[in-house]
Amino acid sequence: MKNKKITRKITQGVYALTTNNGGCIVDAVSQISAGANPLISVAVMKTNYTNELLKNNKTFAISVLDETVNSDIINTFGMNSMRNINKFENTETIEIENIKVIKDSIGYMICEIIDSIDNDTHTLFIGKLIEADVFNDKKPMSYAYYQENKNDLIKVTTEKGKIAWVCQICGYVYYDDELPDDFKCPMCGVGKQLFKRKEN
């Protein structure tokens, strides 16, 4: 493969996906049918704890983020695992259909899971839209905007005195003197070549 960065030019947004007991930041969200209850698909990495939660839940919510969203939301839901922290503890949410949605968003979609498709790295969850609303008319954050402004959106801090390897795509931090040749980012799945060494 010559340069898969072209995939970043696919028009897509940045969203907070939530379900019971967890959630994460996603970008691969699509409307795949029309009608009164359109179908919405979302791809979630298999290594992500939210993937595990979705397989044990019947519904999920998609909160549409805008370009001025509080960066703490991206850091909390994108750079951490619910295995380690309660992502909802310091995030203002509204409960709709028994699912927490992000208050600082353009709006939300609540979907009932009707199918899922596994591939080598992700699971595609397909949901029937059962509830939705629009909070405001702010400009949605695109994936391209996120890539251009991620240094401001992601506040990566590393521990002093340790060698850190920082993922240039999502900001995940790995601590060790060297990065294994076959290392894959557990958050976004990219390889070693997209990590940058950092020392404090």
Side-chain angles (χ1 to χ4, degrees), residues 7 10 12-66 69 72-135 140-143 146 154 167 169-172 184-190:
T7 59
I10 296 173
Q12 54 196 47
V14 178
Y15 312 88
L17 165 67
T18 50
T19 190
N20 289 327
N21 302 314
C24 63
I25 297 295
V26 294
D27 55 47
V29 174
S30 297
Q31 179 178 334
I32 57 175
S33 78
N37 297 98
L39 298 181
I40 307 296
S41 69
V42 57
V44 183
M45 281 192 68
K46 288 183 174 180
T47 56
N48 197 310
Y49 182 52
T50 304
N51 187 301
E52 181 181 327
L53 293 174
L54 287 169
K55 289 183 176 178
N56 293 298
N57 279 294
K58 295 181 179 178
T59 53
F60 64 82
I62 300 288
S63 297
V64 182
L65 304 182
D66 68 83
V69 68
D72 287 346
I73 291 173
I74 296 203
N75 280 295
T76 299
F77 283 85
M79 304 295 113
N80 297 280
S81 172
M82 199 75 170
R83 291 186 181 99
N84 304 318
I85 70 164
N86 180 355
K87 296 183 180 184
F88 298 114
E89 188 174 20
N90 296 309
T91 303
E92 196 168 1
T93 60
I94 303 170
E95 193 160 303
I96 311 289
E97 298 287 334
N98 297 315
I99 297 182
K100 292 180 172 65
V101 300
I102 306 300
K103 187 173 181 180
D104 181 13
S105 67
I106 293 173
Y108 66 87
M109 296 169 271
I110 307 290
C111 298
E112 178 185 332
I113 299 172
I114 63 166
D115 202 358
S116 63
I117 302 168
D118 277 338
N119 63 36
D120 56 341
T121 59
H122 288 67
T123 303
L124 186 69
F125 293 94
I126 299 171
K128 178 175 69 175
L129 187 67
I130 58 173
E131 183 63 56
D133 202 1
V134 177
F135 297 147
M141 184 185 298
S142 69
Y143 184 63
Y146 167 80
I154 301 174
C167 178
I169 301 300
C170 72
Y172 176 81
K184 299 285 185 184
C185 178
M187 298 300 292
C188 70
V190 300

How would you list all residue pairs meeting ring pair (Phe, Tyr, Trp, His ring centres under 6.0 Å) that involve residues 84-107, not counting sequence neighbours? Phe77-Phe88
Could you tell me the separation between the OG1 atom of Thr76 and the CD atom of Glu89, rounded to the nearest 0.5 Å? 10.5 Å
Contact check, side chains of Ile74 and Tyr146, non-hydrogen atoms, under 4.5 Å: yes
When you look at Val14 and Ile25, which way does the side chain to side chain contact (heavy atoms under 4.5 Å, CB included) test go after all the steps? CA-CA 7 Å; Val14 178; Ile25 297 295; 3.8 Å; yes
Is the closest side-chain heavy-atom distance between Cys111 and Ile113 below 4.5 Å? no
Pairwise side-chain hydrogen bond (donor to acceptor under 3.5 Å, both in side chains) hits with a residue in residues 125-134, at least two apart: none
A side-chain contact here means heavy atoms from C-beta on lying under 4.5 Å apart; do Ile110 and Val101 qualify? yes
Distance check, rounded to the nearest 0.5 Å: Asp27 atom CG versus Met141 atom CE? 12.0 Å
Donor-acceptor contact present, side-chain Lys46 to main-chain Asn119, <3.5 Å: yes
I need the minimum non-hydrogen distance between Gly23 and Lys87, along with the two atoms involved. O-NZ, 2.7 Å
Only distances under 3.5 Å count here; give the side-chain donor-acceptor pairs of residues 51-64 to other protein atoms, sequence neighbours excluded, each with its distance to 0.1 Å.
residue	atom	partner	partner atom	Å
Asn51	ND2	Val44	O	3.0
Asn51	ND2	Met45	O	3.3
Asn51	ND2	Thr123	OG1	3.1
Glu52	OE1	Arg83	NH2	3.4
Asn56	ND2	Glu52	O	3.0
Asn57	OD1	Asn20	ND2	3.2
Asn57	ND2	Leu53	O	2.8
Ser63	OG	Ile102	N	3.0

Using ring-ring contact (aromatic ring centres under 6.0 Å, His included) as the criterion, list what pairs up with Tyr49, not counting sequence neighbours. none
Between the CG atom in Leu124 and the CD1 atom in Ile117, the distance rounded to the nearest 0.5 Å is 5.0 Å
Return all side-chain donor-acceptor pairs below 3.5 angstrom for residues 32-41, not counting sequence neighbours, or 'none' if the list is empty.
residue	atom	partner	partner atom	Å
Ser33	OG	Leu39	N	2.8
Asn37	ND2	Leu129	O	2.7

Carefully, step by step, assess Thr50 and Thr18 under the rule side chain to side chain contact (heavy atoms under 4.5 Å, CB included). CA-CA 8 Å; Thr50 304; Thr18 50; over 6 Å; no
Residue pairs passing the side-chain hydrogen bond (donor to acceptor under 3.5 Å, both in side chains) test where at least one lies in residues 95-113, sequence neighbours excluded: Glu92-Lys103
